[in-house]
Amino acid sequence: MPVFLSTRDADFEDQFTALLGAKREDSPDVDHIVAEIIADVRARGDEALLEYTAKFDRMDLSADQLAFSEAEIDALIAQVPAEEREALELAAARIRAYHERQMPEDQRWIDESGAELGWRWTAVSAAGLYVPGGLASYPSSVLMNAIPAKVAGVKRLAITVPTPDGIANPLVLLAARLAGVDEVYRVGGAQAVAALAYGTDTIKPVDKITGPGNAFVAAAKRRVFGKVGIDMIAGPSEILVIADQDNNPDWIALDLLSQAEHDESAQSILITDSEAFARDVCASVEAYLETLERRAIAGASWRDFGAVILVDNLDQAAALSDRIAPEHLELCVADPDALSEKITHAGAIFLGAWTPEAIGDYVGGPNHVLPTARSARFSSGLSVMDFIKRTTLAKMTPAALRAIGPAAEVLAKSESLQSHGLSVTARLKSLND
Ligand SMILES: NC(=O)c1ccc[n+]([C@@H]2O[C@H](COP(=O)([O-])OP(=O)(O)OC[C@H]3O[C@@H](n4cnc5c(N)ncnc54)[C@H](O)[C@@H]3O)[C@@H](O)[C@H]2O)c1
Ligand SMILES: N[C@H](CO)Cc1c[nH]c[nH+]1
Ligand SMILES: [Zn+2]
């Protein structure tokens, strides 16, 4: 059973704080293992990569088998049934259309001093896209990573994806082909992140690593940040559903289970103002757990990290939601738009009972790579912005330098940085000569 809290409980604040602090992905053990793996891949390159792949994914490869060849990709793609290809193409088109709107414009203007100022956007040169593949396979994540990168103009796209026991999902390769990915490597976990960051003989280093993954992948991304850019910490999935009693308990139960089934470390939370509805949803979750193929994973997640919170009103629900800062927030209430106005911290919001979170996972259009573990307080879901960077531009004229240069001279003096000041003085002096 998940924990059941009520804001009326005398110790609610303590219980809620304990829920927020629940250790799901930030464990020192994981970080310790990951640090060793990264150091080993840095030191031994492909050799270490092959050993970890044998250990964790049970595959004995040679270095020249790390990358999927074009012929292997062609053969796998040929196996994809038409229905799956069409669904993937629909998803790709919708994701592309959504992300094309995100591309910002360059700016350039002349201010009152006569200085010309601005900025321009350019893409990172090479991006490494982590596609999870341990407990489930994620063709949709290929699209969610690669399409924004392509829209941004990234020249080289490399995917790493674990293929446990050597089993590759043909749809992952088709998604890579559809999205214009250049290289696909059959490696996963912290070792893949290390290879993308530091490079090996086979995998050339990239400038930015994006994509979701389990606790090992999330910890590895944290550790390589600085050597390369990363998007965010997109770890084990989460859903928070705020629902009133006018909902079908089965629908809400399935929404909670949809994220619980990703990982034993996933987290599903229901906030409602109706105790009877909460009990109905819990009963429905238990009933579905009897039948689901992934009941072991979903059941463990619901038991260990699931929660039901009873509130007096929806304002309370919104305030608690902001403290949780969930990856996914479903608002199944009479006026979801009004409630969403009261929410500040969430990776993605799904408005109304007709918008199951799973639509966002596949075909809605917005990105499904989203911040987890409360990091929606300070980061956003993956977007075109993650693959571009801004370079500022400044162009002075003699008149502009005359107008603003003296202030620079004063500030340089106050910082005791003589050459800074003199570089301005020399130019101003030449104007007066
Ligand atoms: N937040 C998001 O946007 C988002 C999107 C999709 C999926 N996800 C999450 O991604 C995760 C996918 O996890 P997964 O496990 O299916 O695939 P994964 O590819 O992330 O992890 C598999 C790899 O983990 C490594 N690993 C496993 N056990 C290990 C151990 N004991 N020591 C060292 N390394 C180990 C192995 O190298 C293995 O190849 C789930 O948690 C899911 O919820 C999140
Ligand atoms: N819900 C995941 C993000 O947390 C994304 C996903 C991919 N496939 C299914 N779900
Ligand atoms: Zn999902």
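Counting begins at 1 with the first residue of the sequence. Whatever order the structure lists ligands and atoms in, that order sets their numbers, starting from 1. We use all heavy atoms of the structure for the numbers below, so side chains are in, but hydrogens, waters and symmetry mates are not. Everything quoted here is computed from the prediction, not taken from an experiment.
- Under 4.0 Å from ligand 1, not a single heavy atom of A190 appears.
- Note on H262: counted as a metal contact of the Zn ion (ligand 3), an N/O/S atom lying under 2.8 Å.
- Not one N or O on the side chain of D111 forms a donor-acceptor pair closer than 3.5 Å with the backbone of L117.
- Counting heavy atoms under 4.0 Å from ligand 1, residue Y130 touches it through the side chain alone.
- Those atoms of ligand 2 with a heavy atom of E357 less than 4.0 angstrom away are 1 (N).
- Nearest non-hydrogen protein atom to atom 40 (C) of ligand 1 is D263 OD2, 3.4 Å.
- The shortest N/O to N/O separation between L370 and ligand 1 falls below 3.5 Å.
- Remark: ligand 1 atoms within the under-4.0 Å shell around heavy atoms of A234 are 1 (N), 2 (C), 3 (O).
- Not a single N, O or S atom of E357, from either the backbone or the side chain, sits less than 2.8 Å from the Zn ion (ligand 3).
- Under the 4.5 Å side-chain criterion, counting only non-hydrogen atoms from C-beta, S141 is in contact with P132.
- Those atoms of ligand 2 that come under 4.0 Å of a heavy atom in H368, given as number and element, are 3 (C), 5 (C), 6 (C), 7 (C).
- The shortest side-chain heavy-atom distance between M144 and L382 does not fall under the 4.5 Å cut-off.
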Q: Let me see the working for D386 and T210 under side chain to side chain donor-acceptor pair (under 3.5 Å), right down to the final yes or no.
A: CA-CA 8 Å; D386 288 293; T210 67; over 6 Å; no
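- Distances shorter than 4.0 angstrom occur between a heavy atom of H262 and an atom of ligand 2.
- For the residues D361, D263, L370, the heavy atom positioned nearest atom 5 (C) of ligand 2 is part of D361.
- Numbered from 1 in the order shown, with element, the atoms of ligand 2 that lie under 4.0 Å from a heavy atom of E327 read 3 (C), 4 (O).
- Considering backbone and side-chain atoms alike, T372 places every N or O at 3.5 Å or more from each N or O of ligand 1.
- For ligand 1, the atoms lying closer than 4.0 Å to a non-hydrogen atom of E327 are 1 (N), 2 (C), 3 (O).
- The closest heavy-atom contact to atom 21 (O) of ligand 1, among the options V217, I33, N214, comes from N214.
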Q) For E286 and R295, what are the C-alpha separation, side-chain angles and deciding distance, and is it a salt bridge (Lys or Arg N to Asp or Glu O under 4.0 Å)? A) CA-CA 10 Å; E286 295 306 329; R295 59 184 168 272; over 6 Å; no
Q. Passes side-chain contact (heavy atoms from CB on, under 4.5 Å), L370 versus N367? Steps please.
A. CA-CA 7 Å; L370 292 163; N367 211 287; 5.6 Å; no
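- With a 4.5 Å cut-off on side-chain heavy atoms, F277 and P249 count as touching.
- Inter-residue side-chain proximity for L19 and V3 is flagged as met; some heavy-atom pair is nearer than 4.5 Å.
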(Q) Walk me through whether E357 and Q259 qualify under side chain to side chain donor-acceptor pair (under 3.5 Å). (A) CA-CA 9 Å; E357 186 278 344; Q259 297 311 288; 2.7 Å; yes
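- Within the 4.0 Å heavy-atom cutoff, Q191 counts among the residues contacting ligand 1.
- Judged by distance alone, with hydrogens and angles left aside, the side-chain atoms of D322 form a donor-acceptor pair with the main-chain N or O of H345 at under 3.5 Å.
- No donor-acceptor pair closer than 3.5 Å links the side chain of T200 to the backbone N or O of G45.
- The nearest non-hydrogen atom to atom 25 (C) of ligand 1, considering only P212, A215, G189, comes from G189.
- Counting heavy atoms closer than 4.0 Å to ligand 1, residue L135 contributes atoms from both its backbone and its side chain.
- The proximity of E238 to ligand 2, defined as any non-hydrogen pair under 4.0 Å, does not occur for either the backbone or the side chain.
- The shortest N/O to N/O separation between S237 and ligand 2 falls below 3.5 Å.
- The aromatic rings of H262 and Y138 lie parallel to each other, with less than 30° between the two planes, well short of the 60° mark.
- Among protein heavy atoms, the minimum distance from atom 8 (N) of ligand 2 is reached at S140 OG, 3.4 Å.
- Geometrically, R279 engages F4 in a cation-pi contact, judged by NZ or CZ lying under 6.0 Å from the ring centre and within 45° of the ring axis.
- Protein heavy atom closest to atom 35 (C) of ligand 1, with residue, atom name and distance, is F216 CD1, 3.6 Å.
- Residue contacts with ligand 1, taken as heavy atom pairs separated by less than 4.0 Å, involve P132 via backbone and side-chain atoms alike.
- Atoms of ligand 2 found under 4.0 Å from any heavy atom of Q259 (numbered from 1 in listed order, with element): 1 (N), 2 (C), 4 (O).
- When each atom of ligand 1 is checked for a heavy atom of S237 under 4.0 Å away, the hits are 8 (N), 9 (C), 42 (C), 43 (O), 44 (C).
- The distance criterion of under 3.5 Å between nitrogen or oxygen atoms is met by G133 with respect to ligand 1.
- Figure legend: cation-pi geometry between R323 and F16 absent, as NZ or CZ is not positioned both under 6.0 Å from the six-membered ring centre and within 45° of its axis.
- Under a 4.0 Å heavy-atom criterion, A266 is not in contact with ligand 1.
- Backbone and side-chain nitrogen or oxygen atoms of G134 are examined, and one is located within less than 3.5 angstrom of a nitrogen or oxygen of ligand 1.
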Q: Using the side-chain contact (heavy atoms from CB on, under 4.5 Å) rule, take Y52 and D57 through it: C-alpha gap first, then chi angles, then the decisive distance, then the call.
A: CA-CA 8 Å; Y52 288 117; D57 297 330; over 6 Å; no
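- Annotation for A179 and I147: closest pair CB-CG1, 4.2 Å, computed over non-hydrogen atoms.
- Distances below 4.0 Å separate heavy atoms of D57 from the following atoms of ligand 1: 38 (C), 39 (O).
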